[in-house]
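First the structure, in the form of structure tokens, and then the observations on it.
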Amino acid sequence: MNTMKLSLGPIQYFWERQRVLEFYQQAADSAAEIIYLGEVICSKRRLVKLEDWLAIGTELRQSGKEVILSSLTLLEAATETSSLKKLCSNDEFMVEANDISAVQLLSAAGKHFVTGPSVNIYNGRSLQLLARKGLKRWVLPVELGLETLKDLQDLRPEGLETEVYALGRLPLAYSARCYTARSHNLPKDDCQFKCIDYPDGRLLKTREDQAFLVLNGIQTQSALTHQVLEQLPELQALGVDVLRISPQYSGTLKLVEIFDAARKGNELKPLNEKLLGLLPLGACNGYLVEQAGMDYQAEVSHDTQKVV
Amino acid sequence: MELVSPAGNLPSLKAAVDNGADAVYVGFKDDTNARHFAGLNFTERTFEKAIRYAQDKGRKVFVAINTFPQPDGFQRWKTAVNQAADHGVNALILADMGVLDYASERWPDLRLHLSVQASVTSADGIRFYHENFGIRRVVLPRVLSVSQVAHVITQSPVPVEVFGFGSLCVMVEGRCLLSSYATGRSPNTYGACSPASHVRWEETVGGTNTRLNDVLIDHYGDGEKAGYPTLCKGRFQVGENTFYALEEPTSLNTLSILPKLKQIGVSAIKVEGRQRSPAYVAQVTAVMRAAIDQCMQDPDGYLPKDQWMQKLAEVSEGSQTTLGAYHRPWQ
């Protein structure tokens with residue numbers, strides 16, 4: 001069985017330009033084989049432009065990385081459609097479609113593409129249809145679990161790669177409204193780029209102080225970090241090709257090292273302990289075991305880890 | 001502009017037809033539709049009666065099959081498609097591309113509409129479903145401003161339906177997982193958001209707590225009217241403030257912009273609320289019928305009547321209404 005590859009998903013937050021550049025300089029030396037680049041949340045975040053992403057991508061490719069450009073998830077303005085067309089017509093890198101609009105543009109142009117976690121592929125018929133349109137790799141929607149993944153792997157067309165969102169706060173929802181701006185009592189059109197102050201998103205707690213969600217501009221994420229390290233043997237057995245690590249503001253490359261050690265067969269329990277110490281607010285993995293996404297099943301159920 | 005009203009049962013369907021709906025949309029009694037609630041929706045037998053009642057009066061019936069089947073349940077979605085087609089449905093409202101693929105192959109002449117749950121907000125996205133499955137109408141998510149809707153209409157290969165009234169989803173439909181994050185069940189997988197099975201009302205000293213799978217969604221003081229704990233409409237803490245961080249309990253109401261919607265070429269206006277009572281369906285349908293008729297006759301002289309606004313406010317969440325994303329400052 002092939003070793004699973006590691007990918008770095010697109011940065012979902014709004015970071016300073018310098019921080020983005022540094023992050024990818026470091027990522028060039030990491031164990032991640034695949035790197036997704038681009039702004040997927042808000043078209044007003046323009047500290048790093050398409051030309052910059054192309055330049056970063058070229059450097060990463062020279063370091064031996066497979067580079068994919070990720071598209072905006074929620075399209076509203078006509079200018080966003082124009083930017084998407086520009087992105088999809090680039091001849092350098094494959095594109096990750098995060099909306100069906102990108103799927104249409106890429107398939108009409110006869111290009112291969114990846115679909116991100118926000119493209120709804122819930123059954124084999126969808127998978128087969130998109131494979132005919134040029135799909136090369138798909139990311140399992142985050143709310144689906146191992147049982148459905150197993151069924152989908154059985155139905156997946158030959159040559160199609162499966163990627164799983166393996167670590168990161170969960171992308172849960174997208175809106176016309178900017179919640180970060182709203183939390184500062186500002187309208188979206190005058191947001192003052194408040195997202196820059198929250199490089200891991202802005203925490204939303206219940207009135208009992210339970211860390212529940214994170215506001216990231218127009219996106220809502222989980223406050224807990226979804227992580228599947230302990231399910232690695234199952235994912236490997238199901239023939240998953242790629243594990244995605246979604247960047248957080250600090251510690252991301254250490255997380256890549258942990259996943260790298262895990263896929264090479266090192267003992268999971270101590271790695272998991274180390275991983276939990278790197279997360280902003282704690283872990284969840286409920287979706288993978290067909291539970292509420294916020295749940296965390298700490299026990300390792302698979303045979304290879306039955307340490308009593 | 002066609003008026004499309006909701007019905008969760010036969011009395012509601014009759015109320016919609018009798019109060020002037022051009023079309024009524026319904027769902028079957030299972031997880032194939034996004035209002036999968038106990039005691040709601042149609043069996044094959046009541047569906048047959050519904051179709052006959054509406055079509056005898058020259059109205060249409062649409063069936064929403066707009067959730068996302070996983071491999072082990074796909075057969076249920078096929079059954080729903082076939083059942084609706086066998087009984088002469090006027091159109092299916094579909095979201096999942098696997099189901100669209102099946103329906104367009106098995107029933108090539110059947111009219112297909114793209115559900116709001118397909119989450120398509122651009123003409124390129126609409127083109128995907130038009131070219132691959134021959135959809136003949138698209139329902140747009142409630143995330144676009146009026147000028148953005150207008151732009152999509154100028155580029156779209158098919159007519160556009162928009163929401164005109166009802167409970168407001170503030171997240172783009174079809175890509176909102178808040179409910180499954182908290183409960184394991186989402187509109188996509190289960191056909192329900194913030195499902196009643198996970199709701200708990202808790203009397204406390206000084207008020208009422210509303211919980212969803214134990215997560216505190218809101219707390220109401222004594223004398224404050226407690227609302228249903230829909231996840232995106234609770235009060236939470238962000239920074240120093242406790243407030244409706246995502247959205248207030250409020251309903252969408254487009255009466256004030258109907259002439260604008262007509263002018264930009266909207267083809268149909270949808271009313272949300274298959275889970276609501278026949279009285280709600282009757283009241284909202286009657287108001288929307290009167291408003292659309294007046295708007296069509298005299299768009300320049302049209303003004304929403306106070307009486308209409310009052311009637312709609314009575315059946316709105318938190319008794320308040322909004323233009324939502326249609327109105328840029330809301331965003």
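These numbers come from a predicted model, not from an experiment. In what follows, chains are A, B, ... by sequence order, proteins preceding strands, each numbered from 1.
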Side-chain heavy atoms of [X] within contact of [Y], under 4.5 Å:
X: B/Thr242; Y: A/Arg207; answer: yes
X: A/Leu172; Y: B/Met171; answer: no
X: B/Phe236; Y: A/Leu215; answer: no
X: A/Gln210; Y: B/Gln237; answer: no
X: B/Met97; Y: A/Ile100; answer: yes
X: A/Ile218; Y: B/Gln331; answer: no

Notebook entry, point to check: Does the pair A/Glu208/B/Arg211 count as a salt bridge with the N-to-O cut at 4.0 Å?
Noted result: yes
Note to self: Salt bridge check, A/Lys133 against B/Glu131: does any charged N sit closer than 4.0 Å to a carboxylate O?
What the structure shows: no
Notebook entry, point to check: Short question: side chain of A/Ser126, backbone of B/Gly98 - any donor-acceptor pair under 3.5 Å?
Noted result: yes
Next item on the list: Indicate whether the side chain of A/Asn120 and that of B/Asp96 have a donor and an acceptor atom separated by less than 3.5 Å.
Entry: no
Next item on the list: Give, as side chain, backbone, both or neither, the part of A/Tyr174 having an atom under 4.5 angstrom from any heavy atom of chain B.
Entry: both
Check: To the nearest 0.5 Å, what is the distance between CG (B/Asp124) and CG (A/Leu75)?
Finding: 8.5 Å
